[in-house]
Number of protein chains: 2
Amino acid sequence: MKNKHMERHQTLREKILETIREAILKGNLKPGEKVAEPELAERFGISRTPIREAFRQLESEGYLTVIPRKGAVVAALSERDVQEFYAIKSILEGYAASLAARNLTEKELERLETVNRKLRSLAEEGDVRSFYRVHNEFHEIFLKAADNSKLYGLIHQLGMKFNRLRMASLSVNGRMAISVDEHEKLLDAFRRKDPETAENLVKKTASIGSKVLLESMMNNHHGDTVNLNQDKH
Amino acid sequence: MKNKHMERHQTLREKILETIREAILKGNLKPGEKVAEPELAERFGISRTPIREAFRQLESEGYLTVIPRKGAVVAALSERDVQEFYAIKSILEGYAASLAARNLTEKELERLETVNRKLRSLAEEGDVRSFYRVHNEFHEIFLKAADNSKLYGLIHQLGMKFNRLRMASLSVNGRMAISVDEHEKLLDAFRRKDPETAENLVKKTASIGSKVLLESMMNNHHGDTVNLNQDKH
DNA sequence: TGTATGTATACTGTATACAATTTACATACT
DNA sequence: AGTATGTAAATTGTATACAGTATACATACA
């Protein structure tokens with residue numbers, strides 16, 4: 001067998017897929033922008049075939065809008081899209097919380113408490129980036145505890161498209177501290193094995209987050225669609 | 001090779017996509033079965049290219065499991081998969097119901113009542129196929145009234161994979177009549193503009209349906225995975 | 001006899017060639 | 001001038017060719 005460079009398991013298609021997806025998420029490819037196959041093929045020095053296949057996948061994932069015989073454009077998100085997606089995400093996360101409330105072990109609860117203590121100190125320091133990372137860790141724990149892999153996958157799929165926006169949402173002043181308080185209430189519900197309360201708390205948190213987000217979007221709006229790129233301007 | 005009648009604005013990729021998806025849904029392609037590109041290309045008299053592209057899309061949609069350099073197999077659904085999917089679908093439909101309760105107009109409410117009256121008579125006649133169709137119509141109405149296109153799309157995506165199973169679920173004796181009663185309770189909640197009750201009713205209905213379904217699956221189980229094909233008359 | 005290995009075969013991954021269609025632009029016409 | 005039309009360029013859709021890798025089966029070896 002070949003134990004040498006087994007890292008080479010990724011196909012060109014998979015690599016280009018991730019590259020394009022990353023470019024869209026990072027804002028290097030902006031919503032509404034046209035994505036031409038020959039250009040990408042030239043840029044990456046490969047043929048059109050893997051690119052075309054990646055396009056089909058990206059289309060299914062909602063990153064690209066493909067018009068037959070015309071080409072592909074980066075999917076533009078209207079405020080309405082954001083609202084809808086956020087509502088769905090909150091409902092799914094709420095459900096995950098209710099499942100987690102039933103399943104969480106003592107060990108996991110302690111873990112959540114540890115993570116939230118860390119969040120409190122990060123909020124005080126005002127370290128948004130670290131807060132964001134650890135915040136995700138908190139959610140990861142109870143998402144996994146919900147023990148529904150399809151749910152987990154769906155939430156992640158939705159989350160991926162809004163990660164950058166969520167970061168912006170947390171940057172709003174005081175938002176981090178509030179988040180920690182909300183987590184504390186949630187932890188309380190978890191400890192009491194109270195699925196309903198846990199669900200409602202998560203839903204409420206998400207709905208507030210959505211509101212904050214939409215407001216920040218309204219401020220620097222570009223027509224009726226939104227650019228996910230938050231690094232510039 | 002030119003096409004005879006160019007009356008189709010659809011690309012070959014889209015056609016083959018639907019064909020394969022349909023074949024999986026109908027059970028002509030069974031879970032676990034290997035799907036080879038050259039064979040399909042030969043069968044449909046086209047090249048491998050559109051087939052490969054369709055594969056990527058089907059992979060994203062969860063119909064195929066592709067192993068690099070080995071090939072694609074029809075995704076097999078474990079009972080756990082069914083349980084998980086069903087749970088998510090019920091949660092999303094429940095949410096849709098709660099939104100619908102807020103939005104439904106008098107006209108739509110009357111429409112729902114008309115449809116449910118029709119369902120009652122179909123249940124008495126024992127016409128499962130028609131019942132299934134009209135049953136979907138009932139759900140369509142309040143799903144659309146929920147006025148969240150992403151939610152609508154997601155529910156449909158999930159539903160597609162389980163349509164045939166749901167038909168089996170309705171075939172269980174007495175299930176149709178119960179469904180009509182449940183609709184009536186739901187309509188009542190809609191009339192009272194009671195989102196919470198509407199949501200809980202839909203969730204409960206789905207959870208019962210899931211249970212019925214899983215039981216019928218247990219009976220004619222094929223190892224640990226499930227064949228979606230139910231049309232052996 | 002059972003395991004290992006080599007080779008033939010088949011299939012996937014990628015590149016390239018070609019066909020069909022859209023888009024852009026220049027030209028002609030009112 | 002403004003619109004219509006025809007042609008060229010660009011781009012997508014499809015087919016085919018080729019290379020690399022996995023699988024199957026036969027053969028050799030212990």
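Here is the naming used below: chain letters follow the sequence lines, and residue numbers restart at 1 for every chain.
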Specify the separation, in whole Å, of atom CG of A/Leu12 and atom C1' of D/dA19. 13 Å
Taking atom P of D/dA15 as reference, at what distance in whole Å does atom CD1 of B/Ile51 sit? 9 Å
If you only use heavy atoms from C-beta on, which nucleotide in D/dT14, D/dT21, D/dT12 is closest to the side chain of B/Arg69? D/dT21
Closest to side chain of A/Pro38, choosing from C/dC11, D/dT12, D/dT16: D/dT12
Of all the nucleotides listed (D/dT14, C/dT12, D/dT12), which has the minimum atom distance to the side chain of B/Glu53? D/dT14
In whole Å, I'd like the distance from the CD atom of B/Glu14 to the C1' atom of D/dT12. 13 Å
Could you go step by step and tell me if B/Glu84 and A/Ser149 meet the side chain to side chain donor-acceptor pair (under 3.5 Å) rule? CA-CA 7 Å; B/Glu84 290 189 356; A/Ser149 64; 2.8 Å; yes
In whole angstrom, give the distance that lies between atom CD of A/Glu37 and atom P of C/dT16. 15 Å
Would you mind telling me which residue lines up with the more 5' stretch of DNA chain D, A/Phe55 or A/Thr49, judged by nearest nucleotide? A/Phe55
Please state how far atom CG in B/Leu40 lies from atom P in D/dT14, giving the value in whole angstrom units. 15 Å
So A/Arg13, base contact, sugar-phosphate only, or nothing? Heavy-atom distance under 4.0 Å. sugar-phosphate
Under a 3.5 Å threshold, yes or no: a donor from one side chain and an acceptor from the other, between A/Glu108 and A/Thr105? yes
ring-ring contact (aromatic ring centres under 6.0 Å, His included) between A/His156 and A/His139, worked out: CA-CA 11 Å; A/His156 269 254; A/His139 281 239; over 10 Å; no
Given atom CZ of A/Arg52 and atom P of D/dT11, what is their separation to the nearest angstrom? 14 Å
Within this structure, what is the NZ-to-C1' distance between A/Lys70 and D/dT11, rounded to whole angstrom? 12 Å
The side chain of A/Arg48 is closest to which nucleotide in this list: D/dA15, D/dT12, D/dA17? D/dT12
Does a donor on one side chain and an acceptor on the other come within less than 3.5 Å for A/Glu140 and A/His135? no
Roughly, in whole Å, what's the span from CD in A/Glu39 to P in D/dA10? 14 Å
With no hydrogens and no angle check, do the side chains of B/Gln57 and B/Arg21 hold a donor and an acceptor under 3.5 Å apart? no
